[in-house]
Structure formats: structure tokens, C-alpha cells
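The structure appears right after this line, and notes come after that.
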Amino acid sequence: MNIVEKGIKVDFHIHSIASKHKEESGKVEDSTIDNIDVLIKNLNDRQVNMCSISDHDNFDINIYRALKNQENKGTIKKVLPAVEFSVKYDSKVIHIITIFEDNDDMKLENIKKLIFDSQKDTPLYDQEKSFSEEKFLEILKKIDLNVVMIAHQKESLTSKKTRNNDVMSLGKEKFNELVFIDYFESFEFKNKRNEIFNKYYIENNQENLNSEDLRFITGSDCHKWSEYPIEDESFSFTYLKCLPTFRGLAMAITNTKRIKLVNSFFSNSDNKVDNIKISINGEEKDIPLSRGINAIIGDNSIGKSLLLHKITNYEYLKDSRIEKKYEEYLNKNNIQLSTSISQDKIYRVDKQGAVREMFEKRTFNVNGFLNEYFPPVPNVEKYKTKVKDEIQRYIQAIKDNYDYRENEKKVSSFYIKYFEENAKSLNVQKTKKNFKSKIQKLNNIIAEFEDINLKLDKLIKNKDIFEDDVKLLEEQKKIYYNLIDKYKNEIKKWKFENRKIKIVNDCLGKLSQKLQKSKTDNTKAIEKYENTLETFEDNIVNLYLQSKKERVYTANIINEKIPIEYNNVGKYRFINKCDVEEISNDYIIKSIKKLLGKKIKDINTLTEDNISEKIEGEDFYEKLDNLEKEIYKKIEADFKYKPIINNLEDKDITKELSAGFNSKIYFDILSEQNQKDGIYIIDQPEDDVSQKSIKEYLLEDFYNMSQNRQIILVTHNPQFIVNLDVDNVIYLGKNENNEIIIQSGALEYFNEDYDVLKIVADNIDGGISSINERWKRYEKNI
Amino acid sequence: MKGGKDMKRIYDFEENDETYVIFFEETEVYTINKDNLKVDGTKFYETFFSEYSIGDSIELKKGNSVENGNKLSIAVYDTISKLLNEIIQKIDEEKED
């Protein structure tokens with residue numbers, strides 16, 4: 001298998017008879033090659049996958065070979081050669097388990113000669129019971145094999161006592177220095193409870209260390225094979241997320257995220273894809289996929305995005321033109337992809353640029369994503385109604401003022417006339433009495449009641465309302481229906497009055513017509529004069545009545561805060577918030593002014609002459625009606641709840657003009673989502689994110705995500721591959737015949753045809769430097 | 001000259017050689033030129049109704065200067081008085097509505 005399917009159980013600290021020179025009598029006497037079966041049985045019983053015999057300053061190649069012979073027979077997948085060196089640093093001797101690469105058997109044969117005098121049965125120390133640091137390094141150079149060094153640190157780092165042979169015996173300063181220069185790949189402890197003390201030490205030494213610098217693994221330090229440790233409260237085996245190879249070990253042991261005391265590197269979800277089945281030029285290929293992070297890499301336009309969209313059946317592409325091009329590309333290169341991931345297995349698909357677009361368009365609360373974090377939207381109808389009532393008052397005041405001015409114009413002058421004789425003919429005058437306005441006022445009351453009943457109806461139909469309350473609402477409705485009936489009856493009465501007036505006026509009109517024929521000129525003149533007087537009176541009355549109306553609007557609304565709902569999630573606060581924070585007189589005036597334009601400083605000075613040309617309408621009245629509608633539209637927009645993500649200091653971070661920062665929010669939140677199952681597919685998560693930010697947070701976010709779900713991503717970023725230690729690299733490239741090739745595997749994987757690390761180094765910009773930085777000692781010459 | 005609740009306003013109608021003059025609390029508030037007998041509507045409104053409150057009443061008293069026997073003077077007085085009364089009545093009717 002070229003990928004890691006689950007963590008492997010390791011123990012690199014087992015002694016044999018070859019440690020006899022350093023151990024008290026009786027401790028290792030039975031741990032001989034003749035008893036190797038005892039160790040093999042115990043290792044298999046404990047399901048150990050990778051191990052070493054690491055004797056004190058000695059190496060027994062026969063025991064090593066005997067154990068190595070068991071590879072792939074039981075649970076043991078890899079046996080690596082190792083020695084526990086005693087090395088003197090600053091007058092203190094510390095123990096270093098040094099594990100060698102197993103790729104050159106000949107070189108292994110030299111180890112013993114370089115460190116142990118078989119005839120004297122003692123190591124070739126240059127110091128008392130130890131090697132000097134110089135000698136130790138010289139030996140390693142002579143052995144000439146890649147090594148992994150694990151320093152002894154049996155006592156917890158926080159312990160007040162220091163144990164002989166522990167690194168901490170050199171003192172805290174020296175210890176921190178060795179950690180800082182990454183001298184050792186890892187530190188070994190045995191007692192399980194020390195894990196927490198060691199973590200505490202890192203937490204309290206953050207100025208000198210970060211959690212990535214110190215890596216701990218457990219070692220059994222078994223001397224009697226027959227008593228090979230059983231996992232219990234005091235000891236726990238270490239699991240490494242790596243292939244059972246030396247390179248796998250070297251990579252895993254230098255990354256805290258690949259080391260655990262429980263085998264829980266991957267999600268157990270069934271929502272995953274095991275492989276991608278692909279046929280290129282008729283050759284069937286099965287690309288295994290990891291449960292963790294699968295990174296697709298390769299040159300531009302090689303088909304990486306295509307692969308993502310094809311395996312998701314173009315469900316998330318939504319661009320038929322590109323889909324057509326993709327299909328043409330597949331046909332042209334004679335590629336058939338038979339893997340298809342059903343939507344129910346997918347958690348989310350983010351195509352290239354999707355994250356940036358989502359924040360630009362503020363669509364992060366739709367399509368389900370992030371929606372669940374946003375609190376319910378509060379009801380703001382009552383605030384809107386109050387504001388709209390004020391706007392209505394304003395528009396009415398402007399209309400009334402207009403009417404007043406129109407009436408003012410009608411109040412003209414007249415000349416008093418004196419008639420010697422009064423009209424002797426009958427002068428018939430119709431009554432001007434009319435109850436139209438009374439009826440209108442009553443109709444308005446009915447409309448209000450009907451409006452209440454409509455709202456009650458809506459409430460009654462609401463499924464969430466309690467049954468008892470429905471009854472109460474029904475009763476309320478009846479009350480309003482009764483009131484409506486009452487006012488309708490009142491209207492009937494006034495309508496009847498109007499009909500009577502009409503009948504009387506019709507009769508008077510006919511009589512007037514008849515009388516007109518017999519009237520004298522003088523009578524007609526008197527009548528005309530009296531009509532003039534009556535018109536004058538009416539105009540004065542109208543002007544007076546109009547003067548009593550509110551013709552100057554003064555905003556009069558009580559300040560009220562609009563509710564803001566929020567929900568804290570991790571580092572963020574999800575908010576549903578209106579643009580308007582409170583209703584106030586200031587808000588009303590500003591809302592009106594915005595629509596009136598800058599020319600009008602005082603909203604009460606609005607007239608048919610200065611109303612904006614942008615407001616349509618045949619006359620001033622129609623324009624005012626349209627103005628009202630426009631202001632209502634603004635109010636509707638202002639009161640529309642918008643999703644906002646603030647930080648915990650309540651700063652709207654979604655407003656930040658940084659796509660990179662938006663990505664941070666997005667991935668931070670995504671990484672915390674562990675309830676929803678499913679595969680996460682993303683095309684180039686590094687887009688818009690600086691290298692610094694990728695290192696600071698993005699890799700951690702993706703690592704956290706990979707604990708809960710399978711991830712398939714396309715990337716060009718070396719950090720994403722090397723520093724994130726992706727679980728599977730899928731390389732799409734072309735061979736010398738310009739045919740598409742696919743090579744894949746864990747970062748540490750290599751075979752006769754390819755080496756994944758080399759692929760990364762050769763094909764990703766900055767890949768080689770990332771590898772070197774990540775991996776200081778191992779294979780610098782890749 | 002502000003009105004109050006159900007206030008009664010008493011105006012005095014007088015005449016001189018050239019004009020008919022209306023006084024309120026001995027101050028001249030409205031004039032009609034005898035040459036043309038023009039009633040200026042705007043001035044009329046402002047004088048009698050800009051401060052008028054519903055419920056107030058207006059009385060136009062015929063002053064001593066008005067010659068009882070002069071039909072024109074009487075007609076002018078009657079016209080103005082009638083206008084005032086009818087306008088108040090119409091305003092009251094609107095109020096009832």
C-alpha cells in the first residue's frame with residue numbers, strides 16, 4: 001500500500017543480551033537469539049508494527065536479522081537497526097536511541113566494529129562509560145546511514161528531580177538549546193502520565209519553545225522479553241501516522257501531528273472514497289485515497305480541477321461551457337474516470353475562488369454553510385411600521401401644505417355690490433352638504449381592523465403557536481369582526497344621508513332650471529353675486545381647515561434599539577444585524593433627506609418646484625406617492641437583516657478588505673465543524689492567503705479538518721504538501737510521450753518508478769526548500 | 001390676538017370719508033376702500049381667521065360713524081357680517097363631520 005490507512009504501533013526501545021555489559025546481572029540474560037520467538041510472539045500479541053532492538057552501545061546484527069526476518073509475517077511490518085548510545089554532553093551522560101536506515105545491510109555490519117570491542121566485551125568508549133559527542137558524531141559519520149535520534153527523557157520535563165541519562169540532566173538551558181536546534185528528532189518517555197506534564201512544560205515555556213519543537217514518543221525499554229510490556233495505566237505504545245519504513249519514521253517522528261498515544265489519526269466515517277478508478281489509454285488505474293488529506297498536484301491545465309469536478313459529476317461546476325471543455329479534454333487524452341462521488345457523501349465542495357466570492361457576495365449564510373451558526377432573525381415589523389408611519393406623516397404634511405398653498409391661491413378678492421331691490425323670483429340653492437369624508441374616515445378604521453385580522457390569521461396558521469392560544473386569537477378575531485360590522489353599519493347610515501342629499505339636490509336642480517327662464521336680469525345678477533360670496537366663503541373655510549392640518553413635519557418617534565442577535569462560535573461572533581441600529585428622529589430625517597437629494601436642506605421646504613427630477617410622477621401628488629414608495633424601499637433595505645461575522649471584540653471582520661483574512665475566518669470555522677459528516681473537496685485553498693498565514697493558521701485548520709473527514713484538495717503550494725504532511729499526494733503529469741500519467745502515495749512513499757518527495761521537489765514551486773526546511777537532517781540531497 | 005377656548009372676538013365696523021374700517025380692540029385691522037368696495041380675500045383671511053380657533057365666535061359691531069340711513073354703508077356692513085357668520089357656521093359644520 002502506498003498510503004497510510006491507519007497509525008502504526010511502534011517500539012524502538014527493546015534491549016537484548018547485547019546490553020549485558022551495562023545491565024545488572026539477570027536482567028537481559030534470557031533475551032537471546034535463541035529466545036527470539038518469545039519477543040516475536042509478544043510483539044505480535046501486542047500488535048506492534050514497527051520496532052527496533054536498541055542495545056546499550058552495542059549492535060547484534062544476528063538478533064536484528066532474526067527479528068527482521070519476521071517482517072510481514074505477523075503484525076510486524078518493519079524492523080529497523082538501532083543502538084542506544086551513551087553520549088557525554090557537558091559532563092553528563094545522556095542516552096540516545098539512534099535508529100538507522102535499513103537500506104544497506106553491508107553498512108550495518110560495520111556498526112558493531114565501530115562501537116564495541118567484542119573481545120573485551122565492552123564498548124569503545126573514549127569517555128568514562130560513554131562516548132564523547134565528537135566520538136559519537138564520528139561513529140555516525142563512519143556508519144554512513146541516515147539516522148533518527150531519540151533522546152532519553154524518562155522523567156517528565158516538569159519534574160524537580162532529574163534522572164541520570166535524561167536530556168534534562170544537562171539543565172533547562174541546554175535542554176532548550178538542543179530542542180531549539182532540533183538536535184534530536186524526538187524525546188522518549190515511558191510513563192504515560194508524563195505526557196501531560198510534558199505538554200504543561202511546553203505550555204509554560206512558550207517563549208523558548210513551541211509545541212512543534214518538542215516531540216515525544218514512548219519506548220518500552222524492555223529488558224526481559226518474556227515480560228514484554230502490556231499496555232496499562234503506566235505504559236502506552238506510541239502510534240505513528242506513516243508507512244512502515246525508515247523514511248516514514250523519519251517524517252512521522254518530526255511532526256507532532258503524526259504521533260499519538262491512541263490510534264485516532266483518521267475519521268471513522270463511511271462517507272469517504274477509497275479510490276479513484278481511472279483508465280488512461282486503456283490502462284486501468286486505481287488511485288487509493290487516504291481517509292485524511294489527499295492533495296492533487298501537477299502543472300497548470302493538466303486536469304486537476306477537472307478531476308475534482310468529474311468525480312463530483314460536475315454538480316458543483318455549474319458552467320456547461322467548462323464542463324464541455326473538460327469532456328473534450330478527457331476524450332482527447334483517452335481518459336475514462338469511473339469514480340463518482342454521490343452528493344450525500346460530500347460535506348462541501350469549494351471550487352477555485354469560491355471562498356473569496358462567498359465573502360465578496362456575502363453568501364456565507366446560504367446553501368447551508370455557516371447558516372447554522374447565525375442566530376434566528378428577529379422580527380422587526382413593529383419598528384418598520386413605526387418608521388413607515390412617520391414617513392406617511394411627512395408625506396401627508398407636504399401634501400397638506402401643498403393643498404394649503406393651492407387653497408390660498410383660490411382665496412381671491414371680490415367687490416361688494418349694492419342692489420336696490422332684492423331678487424323677487426325664487427332663488428333655489430342646492431345644499432353642499434356631503435358626508436364623503438366622514439365615510440372615508442370610517443372606512444379607514446375598518447381597514448385597520450381588517451389588517452389586524454389578517455395578522456391574526458397569519459398567527460393562527462403558524463404551526464408553532466400553541467393550541468390554546470389559537471382559541472384566544474380566534475376570539476379576538478370575532479371581536480374585530482363585530483367592530484367591523486358596527487362601523488359598516490355606521491357607513492350605511494351616512495351613505496343613506498348622502499343619497500338623500502342627492503335626491504334633494506336633483507329636485508332643486510330641476511326647479512332651478514325651470515325658474516331660470518322666468519328670472520329678471522337683476523335677479524340673475526343678484527344670484528351671481530351671491531354665488532360669488534358663497535364661493536368666497538367656501539374658499540376661506542377650506543383655507544382655514546387646511547391651515548389646521550400638520551403642514552410642517554416634525555419627526556416624533558421614540559428612540560428604540562433594533563435587536564441584534566448573535567451567537568459566539570470559537571473565535572467568532574455570528575450576528576444578524578440590520579443596517580439601522582436604532583429608530584430615531586435622526587434616522588427618519590436622514591432617510592427622507594437621502595431620497596430628496598442634497599439640494600433640499602430642510603425637508604419641509606419640499607415643493608413641486610424643487611422635488612427631484614428622478615422621482616417620477618404626472619403631478620406633485622403622484623411624485624409624493626412615489627417618493628413615499630422610494631423611502632419605504634430604503635427602509636425595507638435598512639431593516640433587512642444581514643449576516644455579519646465579528647471577532648470577539650465585536651469588530652466586523654467580514655468588512656476587512658482582505659480575501660486572505662476572509663479565508664482565515666472560513667477555514668477556522670470549517671475546521672471546528674465536526675458534527676456534519678462528509679468529504680471536503682476544495683480547489684486551491686491557498687488562494688489569496690499569504691505564505692505566512694498558511695503557516696500560521698491554514699495548515700492547522702486543515703489538519704483539524706482531516707481529523708473529522710476525508711479531504712481532497714488541489715494545490716500548488718509546497719507548504720500544503722510538505723508542512724501539512726498530507727496523507728496522499730496525487731501527481732498528474734505527462735510522460736516523455738506526452739501522455740497523462742498519475743503517480744500517487746504518502747509523502748514518504750517511493751518505488752522503482754517514482755519518489756513522492758522528489759515529485760513534490762521537482763513539480764511544486766518552492767517544494768525543495770519546503771522539504772529541506774521541514775526535514776533538516778534527512779536526505780538533504782533530494 | 002391669539003384665540004382661546006370658545007373666545008368671543010368683537011370687531012367694530014366704522015367708516016370715514018374714504019374707507020370702511022374694522023377695528024379690533026381699537027386697532028385698525030381691515031379696510032375697504034369706498035372707491036371700489038374691494039374685499040381683499042387674503043387680507044380678510046389673515047385678519048379674521050389666521051388666529052381663529054374652532055368654537056370661537058365673532059361679532060361685528062356697527063359703529064357710530066356708520067350712517068344709519070346710508071344704504072351702501074349698511075350693505076357693506078351686512079355683507080362682511082354675513083360672510084363672517086356664514087364662514088364660522090361652515091367651519092363648525094365641518095367640525096361636526
Side-chain angles (χ1 to χ4, degrees), chain A residues 403-423 429 431-445 490-491 493-495 497-498 501 525-526 528-549 551, chain B residues 2-3 9 13 15 19-22 30-58 60 66-67 69-97:
Chain A
D403 287 345
Y404 175 81
R405 282 184 280 108
E406 289 299 304
N407 280 319
E408 210 174 27
K409 286 179 199 165
K410 285 180 192 167
V411 176
S412 53
S413 301
F414 73 97
Y415 298 91
I416 296 174
K417 285 182 181 169
Y418 170 66
F419 294 93
E420 279 297 333
E421 50 182 295
N422 287 332
Q429 278 199 334
T431 176
K432 288 185 177 170
K433 196 108 184 144
N434 192 311
F435 298 105
K436 210 172 137 184
S437 100
K438 179 89 186 171
I439 291 166
Q440 183 59 53
K441 285 171 187 169
L442 293 169
N443 266 327
N444 288 346
I445 293 172
E490 188 69 11
I491 288 172
K493 209 167 82 185
W494 292 109
K495 278 187 174 171
E497 284 301 310
N498 269 353
I501 288 166
I526 291 168
K528 193 179 170 189
Y529 177 63
E530 282 175 350
N531 283 339
T532 304
L533 289 184
E534 186 153 356
T535 305
F536 181 81
E537 283 169 15
D538 290 344
N539 287 340
I540 294 285
V541 169
N542 287 338
L543 185 60
Y544 174 77
L545 294 173
Q546 203 59 42
S547 77
K548 293 296 160 192
K549 291 184 177 170
R551 290 179 295 122
Chain B
K2 280 188 177 175
R9 297 161 172 268
F13 184 86
E15 70 168 299
T19 54
Y20 296 104
V21 187
I22 297 171
Y30 195 78
T31 57
I32 297 166
N33 200 319
K34 282 186 176 178
D35 283 350
N36 56 14
L37 298 180
K38 183 182 176 185
V39 175
D40 182 326
T42 307
K43 185 86 176 42
F44 182 87
Y45 175 81
E46 279 170 10
T47 304
F48 300 105
F49 293 99
S50 65
E51 301 291 335
Y52 176 83
S53 297
I54 291 174
D56 288 357
S57 61
I58 293 177
L60 185 65
V66 181
E67 292 174 41
N70 188 331
K71 289 179 181 175
L72 183 61
S73 297
I74 299 297
V76 172
Y77 167 77
D78 285 346
T79 302
I80 301 298
S81 184
K82 189 182 163 212
L83 278 175
L84 290 171
N85 288 330
E86 288 190 351
I87 288 167
I88 288 169
Q89 196 187 332
K90 284 180 178 178
I91 287 172
D92 284 348
E93 280 171 14
E94 285 293 333
K95 179 198 161 193
E96 281 164 18
D97 270 4

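We name chains A, B, ... by the order of the sequence lines, and we start the count at 1 in each one. A quick note: this is a predicted structure, and the numbers were derived from the prediction, not measured.
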Contacting moiety of [X], where chain A heavy atoms sit under 4.5 Å:
X	answer
B:T79	side chain
B:K71	both
B:I32	side chain
B:I80	side chain

request  = Kindly compute the distance separating CD1 (B:I87) from CD1 (B:I58), expressed to the nearest 0.5 Å.
outcome  =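 Separation between the atoms: 8.5 Å.
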ask   = Measuring from B:L60:CG to B:R9:CZ, what's the distance to the nearest 0.5 Å?
value =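 Nearest 0.5 Å value for the CG-CZ distance: 13.5 Å.
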request  = Could you have a look at A:N542, A:V411, A:V541 and say which one has the most heavy-atom pairs with chain B under 4.5 angstrom?
outcome  =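 Of the options given, most contacts go to A:V541.
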ask   = Do the two ring centres, one from A:Y544 and one from B:Y45, sit under 6.0 Å apart?
value =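 Between B:Y45 and A:Y544, which both carry aromatic rings, the centre distance is not below 6.0 Å.
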query = For A:F435, is the NZ or CZ atom of A:K495 found under 6.0 angstrom from the centre of its six-membered ring and inside 45 degrees of the ring axis?
reply =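 Cation-pi check for A:K495 and A:F435: fails.
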task = For the pair B:S73 and B:Y20, evaluate side chain to side chain donor-acceptor pair (under 3.5 Å) and give the outcome as yes or no after the intermediate values.
result = CA-CA 8 Å; B:S73 297; B:Y20 296 104; 3.2 Å; yes
Structural part of A:K548 lying under 4.5 Å from a heavy atom of chain B =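 For A:K548, side-chain heavy atoms alone lie under 4.5 Å from chain B.
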